[in-house]
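Please read the structure below before turning to the comments.
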Amino acid sequence: MFRKINLVAALVIVSLSAKAQDKTPLAYPDEKHFKNMRQLTTGGDNAEAYFGFDNEHVTFQRTNPKEGLDCDQIFYGTIPKSATGKFDYKKVSTGKGRTTCAYLMPDKKHFLYASTHKAADTCPPTPDRSKIRKYVWPIYDSYDIYVADFNGKITKQLTNTPGYDAEGTISPKGDKIIFTSMRNGDIDLYTMNIDGTNVKQITNTLGYDGGACFSPDGKKIVWRASRPQTEADVKEYKELLAQGLVMPTRMELFVANADGTDAHQVTHLGKANWAPAFTPDGKRLIFASNHEYERGFPFNLYLVNLDGIGLERISHDGSFDAFPMFSPDGKKLIFSSNRNNGGGHDTNVFICDWVE
């Protein structure tokens, strides 16, 4: 949840012919866990695609200035049932402000997402790279979490506190939401009931805690965290946070019980380890990382056991693979990648059958 992107206002239909896919293989020979890969989107920046409870629908966020999408908007799509079927999707956010981190609700009629539209209809400003010569993420204090229907109508606002509230995901049990908030002055994880009641803070260590999701049985959570240790690191973290920024270049994965107890660090790889999710059996994590590369690029997908051993690289593109998520039935994997973009910068959504 956190690589900001944008999308369109009308129904868009994207179709990749089998012939085109034959000319450009989408999976590499050593990607043994991927079978029958398909590219679902073409053009722009598409990411954070997450399955709904029915295995058949996804939400994702999209940016494409060529389509008038100057900052992230949320789209809702139906996974094709056949290898040649079309991926139909439409914009379901308001088109105002910037949106992120959408997740389908258990009733299959609504979705959860974060938006800045209450502060302004326009896109919030991006960090000035000429002044901040570091790779940073903006933490907009205008983000709040909403529930909307598939016609874009907001039916409920779940958060209404000063500061950043975003990165919400829902337990497979359908009863709890975990999200990231800065309401206490630091960036921590919180849980709440599906209706927004009974908010509880479940992390309290200095540093950025975010991008959390539940295990398939709803009993555990995984998230990414930065943990500044030295005096210089703490100073830098606090100075950036005061400007509404975080530097995501050093993050590790943590696992805990769903209520935040028994929290422990899983990875000790260095660099940026993020976008984690549980495997269908709940025994491993899948995540994105750049730890193998001194320059911090590319990002690939990895598997690791909950105790931090058994690390396995599973994607082999030379640019960017991230935001992996399994379908609830464990049969499919969806993720975002720069592969097959003609050497440009487009990030697209890919789906494949999962092979153990």
For Lys332, is there an ion pair with Asp353 - N to carboxylate O distance below 4.0 angstrom?
yes
Determine, for Asp233 against Lys238, whether the closest basic-nitrogen to carboxylate-oxygen distance falls under 4.0 angstrom.
no
What class does the angle between the rings of Phe299 and Phe320 fall in, given that below 30° is parallel, 30 to 60° is tilted and above 60° is perpendicular?
perpendicular
Minimum heavy-atom separation for Tyr89 to Leu40, with atom names?
CE2-O, 4.5 Å
Determine whether the aromatic ring centres of Trp274 and Phe287 lie less than 6.0 Å apart.
no
Hey, is Lys235 close enough to Glu231 for a salt bridge, meaning N to O under 4.0 Å?
no
Between Asp165 and Arg183, does at least one N-O distance fall below 4.0 Å, as a salt bridge requires?
yes
Between Phe60 and Tyr76 (judged by ring centroids, cut-off 6.0 Å), do the two rings come close enough to count as a pair?
no
Is the distance between the ring centroids of Tyr146 and His117 under 6.0 Å?
yes
Between Lys271 and Glu292 (salt bridge meaning N to carboxylate O under 4.0 Å), is one present in this structure?
no
Under a 4.0 Å N-O cut-off, is there an ion pair linking Glu356 with Lys35?
no
State whether Arg339 and Asp321 are salt-bridged, where the test is any N-O pair (Lys NZ or Arg NE/NH1/NH2 against Asp/Glu carboxylate O) under 4.0 Å.
yes
Is the distance between the ring centroids of Phe335 and Phe34 under 6.0 Å?
yes
